Amino acid sequence: MTRLKVALMISVALNLFAFGAISSFLIMRPSPPPFGGGGGPDPIRGPLLSPRELDQILSPEGAVVRDEILQRNRSSFHAVIDNLMAARRKAIDAAKGDTVNLAAVQDALAEAQKWDAMLTTQAQQVMIELLQRLPTADRQKVLEASSQHLRMGPMGLPPR
């Protein structure tokens, strides 16, 4: 097995793992972890908040708005995610043979990048709609929590 093939397989596996973690927070509403606590901010997601984080800061009225928006957009999110996962599977399949079909891998990864960008755009559009429709107090809480995500940075809190 060549180094390129191994590196590609590791890269695709890590991307699939990262995407799965991010999409599960954006699309599903997982139950809280046992014994309290919760995950820290996700540096990949940036300022976008997960439904779990929104649960912690939104008023009951804000939660109704959030639920309506997420429910309305659920099927389009799932369609994009299905296409993204299919493109990533194509990349893996193109690298499985005795030789790597580099052109097919590159095409599949370009397609995956297109679907990934579409997913990001959809998530941002949902956040914009949410901010427009939330009561003022809830909007301020969401913006403060989003600012905290940005301050954290990719490696956690900045050094003092």
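These figures come from a predicted structure and were not determined experimentally. One-based numbering along the sequence shown.
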| message | Could you go through Leu130 and Leu54, starting from their C-alpha distance and side-chain angles, then the distance that decides it, and tell me whether this counts as side-chain contact (heavy atoms from CB on, under 4.5 Å)? | response | CA-CA 11 Å; Leu130 182 67; Leu54 290 172; 3.9 Å; yes
| In the single-linkage hydrophobic clustering (I, L, V, M, F, W, Y; side-chain heavy atoms under 4.5 Å), do Val65 and Leu131 co-cluster? | yes
| field | Pro135 to Gly62 - nearest heavy-atom pair and separation | value | CD-CA, 4.3 Å
| Is Leu109 close to Gln106 at the side-chain level, that is, under 4.5 Å between some pair of heavy atoms? | no
| query | Going only through I, L, V, M, F, W and Y residues with side-chain contacts under 4.5 Å, is there a path from Leu143 to Met127? | reply | yes
| task | Show the numbers, then the answer: is there a side-chain contact (heavy atoms from CB on, under 4.5 Å) between Leu134 and Leu58? | result | CA-CA 9 Å; Leu134 282 175; Leu58 291 179; 3.9 Å; yes
| said: Quick check for you: to the nearest 0.5 Å, what is the distance between Asp116 atom CG and Glu111 atom CD? | reply: 12.5 Å
| message | Within the 4.5 Å heavy-atom criterion, are Phe77 and Val126 side-chain neighbours or not? | response | yes
| query | Shortest non-hydrogen contact from Ala104 to Ala94? | reply | CB-CB, 3.7 Å
| Nearest atoms (heavy-atom pairs only) where Ser59 meets Asp138 | OG-OD2, 2.6 Å
| message | For the CD1 atom of Ile81 and the CE atom of Met118, what is their distance to the nearest 0.5 Å? | response | 12.5 Å
| field | Atom pair CG/CD of Leu119 and Gln124 - distance to nearest 0.5 Å | value | 10.0 Å
| For Gln113, does the CD atom sit with more than 12 other heavy atoms under 6.0 Å from it, leaving out its own atoms? | no
| request: Check the pair Val142 / Ile57 against side-chain contact (heavy atoms from CB on, under 4.5 Å), numbers first and verdict last. | output: CA-CA 7 Å; Val142 168; Ile57 60 176; 3.9 Å; yes
| query | Going by an N to O cut-off under 4.0 Å, is there a salt bridge joining Arg66 and Asp55? | reply | yes
| task | Would you confirm whether Asn73, through its side chain, and Ile69, through its main-chain N or O, come within 3.5 Å as a donor-acceptor pair? | result | yes
| said: For Arg133 and Glu68: C-alpha separation, side-chain torsions, deciding distance, then whether salt bridge (charged side-chain N to carboxylate O under 4.0 Å, His left out) applies. | reply: CA-CA 11 Å; Arg133 293 188 47 204; Glu68 185 270 317; 2.5 Å; yes
| Salt-bridge criterion met for Glu129 and Arg72 (N-O under 4.0 Å) | yes
| request: Run the salt-bridge test on Asp93 and Lys90 with the 4.0 Å N-O cut-off and return the result as yes or no. | output: no
